[in-house]
Amino acid sequence: MDLDDAYANAPYIPNGESYPAKWEAEADAFRKSQALTGRARLGLMYGHGTREVLDLFMPEGTPKGLVVFVHGGYWMKFDRSYWSHLAAGAQANGWAVAMPSYDLCPRVRIGDITRQIANAVTVAAREIDGPVRLSGHSAGGHLVARMCAPGVLPDDIAARLAKVQPISPVSDLRPLMQLTMNSDLRVDEAEAQAESPIFQPKPTAPVTVWVGGDERPVFLDQARWLAEAWGCGHQVVTGRNHFDVIEALANPNSDMTRDLLG
């Protein structure tokens, strides 16, 4: 198997190259609408780096709790500004939604990004009372799964985890060592073992792994491996691919949003 091809998504999605511009436009329109209502708190620092920043979208009234969405891009692409519109579903149901950026490989290692996201979740959770629910896509699915590992989050924040929703996650990092992109990711055997969610203990928080039914076989495998390792929920969405499976988060009444919010 050509693993570089196996882990390539855009070439196998109709008009795959058009999605980033679409995401960026929808996210920008959402942020502008939120700014008009005064419910957007943009550019909150959770660390000292220029990318250690999150946006927080507030609901009407007192939040029921906090949702954190962590974006994907193979730990090498994008920032929070592409995904703001995905806050709409949870926000409409009364939840505050945080969307962090993070440093990218090769400037940092994947383990460094895990620590940054733990800081982002912690800072946001100390702004918003109540339960904490995490959703993340692709590399972001890996990162929210890592938040379940003992000692990654402070004990008081970990105790508030009410749901974790990895979407199309990379749950076993060992195959990445064979990819050309590993020249930037720099995953070695030690990091693959330390950073692969499949090697973590089964979480105490409820988890449902989601994946599009039309995704590349390796992503169907990665999702299944995590669900099997953790004995958790596993939803395969018919007719959805790696890029459009997350669109359901913008819908307040979608199955994915209902699963996230319990």
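Atom set for the values below is all heavy atoms of this structure, side chains included, hydrogens, waters and symmetry mates excluded.
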Review point. Considering all heavy atoms of both residues, which atom of Val67 and which atom of Ala90 are nearest to each other, and what is their separation?
Key: CG2-CB, 4.0 Å
**Study point:** Flag for Arg51-Gln116: side-chain donor and acceptor within less than 3.5 Å
**Key:** no
Check your understanding: Have Asp172 and Gln222 got a donor and an acceptor in their side chains that come within less than 3.5 Å?
Key -> no
Review point. Quick check: does any side chain N or O of Asn93 sit under 3.5 Å from a backbone N or O of Pro252, one acting as donor and the other as acceptor?
Key: yes
Review point. Do any N or O atoms from the side chain of Thr257 and from the backbone of Asn253 form a donor-acceptor pair under 3.5 angstrom?
Key: no
Check your understanding: Parallel, tilted or perpendicular: which fits the ring planes of Trp83 and Trp23, with parallel below 30° and perpendicular above 60°?
Key -> tilted
Check your understanding: Are Ile128 and Met45 grouped together when hydrophobic residues (ILVMFWY) are joined by side-chain heavy atoms under 4.5 angstrom apart?
Key -> no
Review point. Lys163 and Ser135: side-chain donor and acceptor closer than 3.5 Å?
Key: no
Check your understanding: Out of curiosity, Asp221 CG to Leu226 CG, how far, rounded to the nearest 0.5 Å?
Key -> 12.5 Å
Review point. Are the charged groups of Arg107 and Asp112 less than 4.0 angstrom apart, N to O?
Key: no
Exercise for review: For Asp2, look at atom CG and say whether over 12 heavy atoms of other residues, nucleotides or ligands are found less than 6.0 Å away.
Suggested key: yes
Exercise for review: Could you label the plane-to-plane angle of the His137 and His242 rings as parallel, tilted or perpendicular, counting under 30° as parallel and over 60° as perpendicular?
Suggested key: tilted
**Study point:** Common cluster, Leu176/Leu143, ILVMFWY with side-chain heavy-atom separation under 4.5 Å
**Key:** yes
Point to revise | Val68 with Val144, same ILVMFWY side-chain cluster at under 4.5 Å | key: yes
Check your understanding: Nearest 0.5 Å, what's the CG-NZ distance between Leu36 and Lys32?
Key -> 10.0 Å
Check your understanding: Considering only heavy atoms from C-beta outward, does the side chain of Val236 approach that of Trp210 to under 4.5 Å?
Key -> no
Review point. What residues form a ring-ring contact (aromatic ring centres under 6.0 Å, His included) with Tyr82, not counting sequence neighbours?
Key: Phe78
Practice item. Give the intermediate values and the outcome of salt bridge (Lys or Arg N to Asp or Glu O under 4.0 Å) for residues Glu247 and Arg240. Key: CA-CA 10 Å; Glu247 292 176 358; Arg240 291 293 180 172; 3.3 Å; yes
Review point. Same cluster for Val211 and Trp225 if Ile/Leu/Val/Met/Phe/Trp/Tyr side chains link at under 4.5 Å?
Key: no
**Study point:** Sub-4.5 Å side-chain heavy-atom contact between Pro169 and Ser138
**Key:** no
Check your understanding: What orientation do Phe219 and Tyr74 show, parallel under 30°, tilted 30 to 60°, or perpendicular over 60°?
Key -> tilted
**Study point:** Working for salt bridge (Lys or Arg N to Asp or Glu O under 4.0 Å), residues Arg115 and Glu52
**Key:** CA-CA 11 Å; Arg115 288 185 284 276; Glu52 292 178 277; over 6 Å; no
Point to revise | Residue pair Phe57 / Asp55, side-chain heavy-atom distance below 4.5 Å | key: yes
Check your understanding: Got a salt bridge between Arg41 and Glu127, using NZ or NE/NH1/NH2 to carboxylate O under 4.0 Å?
Key -> yes
Exercise for review: Treating Ile, Leu, Val, Met, Phe, Trp and Tyr as nodes and any side-chain heavy-atom pair under 4.5 angstrom as an edge, say whether Tyr102 and Val170 lie in one connected cluster.
Suggested key: yes
Review point. Between atom CZ of Arg126 and atom CZ of Arg160, what is the distance when rounded to the nearest 0.5 Å?
Key: 8.5 Å
Practice item. For Trp95, enumerate each residue passing the ring-ring contact (aromatic ring centres under 6.0 Å, His included) test, keeping only those at least two apart in sequence or located in another chain. Key: none
**Study point:** Heavy-atom donor-acceptor pair, Asn15 side chain to Ser18 backbone, under 3.5 Å
**Key:** no
Point to revise | Exercise: do Ser84 and Arg31 side chains pair donor with acceptor under 3.5 Å | key: yes
Check your understanding: Side-chain contact, heavy-atom cut-off 4.5 Å: Leu66 with Arg133?
Key -> no
Revision key, fill the gap. Separation between OG1 (Thr180) and CG (Asp5), nearest 0.5 Å, reads 11.0 Å
Revision key, fill the gap. Rounded to the nearest 0.5 Å, the CE atom of Met147 sits from the NE2 atom of His142 at a distance of 8.5 Å
Practice item. Please examine the side chains of Leu44 and Val123, heavy atoms only from C-beta on, and report whether any two atoms are closer than 4.5 Å. Key: no
Exercise for review: Rounded to the nearest 0.5 Å, what's the gap from CD1 on Ile13 to CD on Glu215? Could you check?
Suggested key: 7.5 Å
Review point. Is Arg109 salt-bridged to Glu195, going by a charged N under 4.0 Å from an acidic O?
Key: no
Check your understanding: Between Ser196 and Leu173, is there a donor-acceptor pair closer than 3.5 Å when you use the side chain of the first and the backbone of the second?
Key -> yes
Check your understanding: Which of these passes side-chain contact (heavy atoms from CB on, under 4.5 Å) with Leu179: Asp184, Leu3, Val187?
Key -> Leu3
Point to revise | Pro63 vs Met58 side-chain heavy atoms within contact, under 4.5 Å | key: yes
Practice item. Measure the shortest side-chain to side-chain distance between Val121 and Ile117 over non-hydrogen atoms and say whether it is less than 4.5 angstrom. Key: yes
Check your understanding: Has the side chain of Tyr12 got a donor or acceptor atom that lies under 3.5 Å from a matching backbone atom of Asp214?
Key -> no
Practice item. Classify the side-chain pair Gln91/Glu60 by whether it contains a donor and acceptor separated by less than 3.5 Å. Key: no
Review point. Sub-3.5 Å donor-acceptor pair from the side chain of Asn182 to the main-chain atoms of Leu185, do we have one?
Key: no
Check your understanding: Is any side-chain heavy atom of Met256 closer than 4.5 Å to a side-chain heavy atom of Gln165?
Key -> yes
